[in-house]
Participant: 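This structure is in C-alpha cells; I'll ask about it shortly.
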Amino acid sequence: MPARAAETLISGLRFGMHDAHTRIVLDLDANVPSETNLSPDRTKLEVIVPQARWAIGLGKLPRPRGLVAAWTTSTSPGAASLSVDLKGAARMARTELLLPSADSRFYRLVIDVTPGRAPTLALPKTVALPAGKTDASPPAIPPPPTSKLVPPVKAKGTVQIAAAPAARMPEALQPPARKDPPPAPSGLKPLIVIDPGHGGRDPGAIGADKTLEKTVTLRVAKAIRSRLEKSGRYRVAMTRETDVAVPLRQRIAFARSAGGSIFISIHADSLGRNSEMRGASVYTLSDRASDSEAASLAQKENKADIVSGLDLTDQDPIVSEILIDLALRDATNRSIGFADHLVAELAKVTPLVKRTRRFAGFVVLKSPDTPSVLLELGFLSNRSDERRLTDPAHHRKVANATLKALDAYFGAVGG
C-alpha cells in the first residue's frame, strides 16, 4: 500500500554491540520526534515514532543480539512502534537521532542499552534533531524531571522474532474437532500472510505471450493486500513486496514468526504445449505429505520451535511425531475450511478447473501450525487465462473473492 504523504518510513532496524552497550538503530526517512520508554521493571523497551510505518524487507529482519531477547513491531494509523524484550534489567545509556551522512542517507535513531538497574525509573524521552546537529556521537540525554510512560500503541500489523525458547509442552495436545479458526489474540485483527510465488531469478511459469508468473503473483498479492487493508478487518503481511527470491521454508517461517492466522500462497500454472487447460484451483496439504512432514520434523535436532507453544526437545521421537501430526492435522483441517470458502467465492469471478479442490505436498503448505492454502490463479499457457491474469480488473475481482472468503471463514460481517 503506498505511503501517505505525512507518513515517515522506517526502512531499517539493526541490533548490534558497541563497547559494553547493546545498540538498537532505526533508519528513518525524515527528521521526526520519537519516544523511548523502559517498563517499570526495566526489562522491556518501547520506541514510538508518530505518523510512521514500517517498511523493512523480509530479507532484512534482524536477529536478536546482546541484551535483546525478542522484538515486535506494530503499526497503527497514528504511529509505528518497536517493542523489545530484554534479557534482564537494563538502563538506557544513549538515545539520539543522527543526521544523514556519507555512510547513510537515513536519519538514524540510535538507542544504547546496558545491563544494570538505573538509579531512578527510566522515563520517556522525546527526541528531535536540533538545527545544525552533526553526526558526532552525543552524550547521553538526561531524562526529563517528570513524565509518565506512554501506553503501547494498539497493534494493526505485527512481526515478531524471538530468541528465547518456546514454552514447555503442555500435558496433552487434543486433536481438533472443528474447521473454524482459533480466536485471534485479544485486541488484534487476524493477520493474513500473502505469499507471491517465485521472484528474483526464478520467474516461475512463462506464458504464451511471455508473461512471467512471478510478476502476476506479485500484482495479485498487492491487489489482495489493498482490498483487505481497505476493509479494516484484517492485518496483512507479505513474504515479498518486490522482485526478490525468497526460499520456500523461509516463507512459511515468516508466516509463523509473524503470527499469521492464514497463509495464502499465490501461483499460476503452465502446461507448455497444452493450451486448452484453463481455470483456477486451490490446494491444501495432502494426508500423505502431512504424515511425511510430521515424521521428518520429529527427527529434527532442534525441536524447541516446531510447533508454537510446544518444546519437544526432551520428548521421545514417537511422541514428538504424534504431537506434530496432531498439530499438522489441526492446521490442515482449518486450511480446508478456508479453502472451501475460497473456491465458492472464486467460482463467482473466474473459471475453475474441474477438480478445483486439490491436495499436494507443496513446501509452502507444510507449516505445522498455520492454516495454509495455495491458490493457482489459472494457466499462463492458455491465452484466455493469460489475458485475464494480466488484467488489473481481474486482480481486483480475485481480491474481492479472497476478502469474502476470509469474512466467511472468520465470521466477519459488513462490506
Side-chain angles (χ1 to χ4, degrees), residues 1-16 23-37 45-63 68 71-84 95-111 125-131 133 135 150 152-161 189 191-196 199-200 218-219 221-230 232 234-244 246 254 257-259:
M1 176 180 263
R4 294 184 292 271
E7 282 186 324
T8 295
L9 295 182
I10 307 175
S11 301
L13 173 64
R14 297 182 296 284
F15 303 114
R23 175 161 291 179
I24 304 169
V25 181
L26 284 71
D27 292 331
L28 315 176
D29 70 351
N31 175 12
V32 293
S34 63
E35 195 165 305
T36 305
N37 311 299
L45 177 75
E46 183 173 49
V47 182
I48 301 174
V49 184
Q51 298 302 316
R53 72 179 178 93
W54 293 94
I56 302 176
L58 175 63
K60 297 181 179 180
L61 298 178
R63 304 301 302 180
V68 177
W71 59 272
T72 303
T73 66
S74 59
T75 302
S76 76
S81 65
L82 169 69
S83 180
V84 178
T95 305
E96 187 62 54
L97 188 68
L98 303 179
L99 277 169
S101 66
D103 297 328
S104 174
R105 62 185 178 86
F106 297 105
Y107 292 87
R108 283 164 291 164
L109 177 60
V110 179
I111 303 162
K125 302 177 182 181
T126 298
V127 180
L129 191 68
K133 178 67 184 174
D135 197 22
V150 175
V153 177
K154 198 169 188 178
K156 178 184 176 186
T158 300
V159 175
Q160 181 171 339
I161 302 290
K189 300 170 185 175
L191 174 65
I192 312 305
V193 179
I194 306 173
D195 172 44
L218 184 58
R219 289 175 179 171
K222 289 182 176 180
I224 294 174
R225 177 180 65 177
S226 177
R227 185 64 187 95
L228 298 187
E229 290 182 337
K230 186 177 180 180
Y234 304 99
R235 298 173 294 139
V236 182
M238 289 175 55
T239 58
R240 68 179 181 96
E241 299 190 33
T242 57
D243 184 17
V244 295
V246 181
F254 172 75
S257 66

Participant: Do Ile24 and Leu13 have side-chain heavy atoms sitting under 4.5 Å apart?
Facilitator: yes
Participant: Check whether Trp71 reaches the backbone of Pro62 with its side chain - one donor and one acceptor, N or O, closer than 3.5 Å.
Facilitator: yes
Participant: So which heavy atom on Ser74 is nearest to which on Ser81, and how close?
Facilitator: OG-OG, 2.6 Å
Participant: When rounded to the nearest 0.5 angstrom, what distance separates CG in Leu45 from OG1 in Thr95?
Facilitator: 8.0 Å
Participant: Once you round to the nearest 0.5 Å, how far does CZ of Arg53 lie from CG of Leu9?
Facilitator: 5.0 Å
Participant: Lys189 and Gly232: which non-hydrogen atoms are nearest, and at how many Å?
Facilitator: NZ-O, 2.7 Å
Participant: Provide the closest heavy-atom pair for Thr242 versus Arg240 in the form atom of the first, atom of the second, distance.
Facilitator: O-NH1, 2.8 Å
Participant: For Val49 and Pro33, which heavy atoms make the closest approach, and how far apart are they?
Facilitator: CG1-O, 4.3 Å
Participant: With side chain to side chain donor-acceptor pair (under 3.5 Å) as the criterion, how do Thr72 and Ser83 come out once you've worked through the C-alpha distance, each side chain's angles and the decisive distance to 0.1 Å?
Facilitator: CA-CA 5 Å; Thr72 303; Ser83 180; 5.5 Å; no
Participant: Could you walk me through whether Tyr107 and Asp29 pass side chain to side chain contact (heavy atoms under 4.5 Å, CB included), step by step?
Facilitator: CA-CA 6 Å; Tyr107 292 87; Asp29 70 351; over 6 Å; no
Participant: Run the side-chain hydrogen bond (donor to acceptor under 3.5 Å, both in side chains) test against Arg14 and tell me which residues pass, sequence neighbours left out.
Facilitator: Asp27
Participant: I need the minimum non-hydrogen distance between Ala258 and Leu191, along with the two atoms involved.
Facilitator: O-CD2, 3.1 Å
Participant: Heavy atoms only: give me the nearest Ala221-Ile194 pair and the separation to one decimal.
Facilitator: CB-CG2, 3.6 Å
Participant: Measure the CG-OG distance between Leu26 and Ser34 for me, rounded to the nearest 0.5 Å.
Facilitator: 8.0 Å
Participant: Atom CG of Leu218 and atom CG of Asp195: how far apart are they, to the nearest 0.5 Å?
Facilitator: 11.0 Å
Participant: Any side-chain heavy atom of Asn37 within less than 4.5 Å of one from Ile48?
Facilitator: yes
Participant: Distance check, rounded to the nearest 0.5 Å: Thr73 atom OG1 versus Ile10 atom CD1?
Facilitator: 8.5 Å
Participant: May I ask you to test the Arg108-Ser101 pair for a side-chain heavy-atom distance under 4.5 Å?
Facilitator: yes
Participant: Under 4.5 Å between any side-chain heavy atoms of Phe254 and Val246, yes or no?
Facilitator: no
Participant: Just how far is it from atom CD1 of Ile224 to atom OH of Tyr234, taken to the nearest 0.5 Å?
Facilitator: 13.0 Å
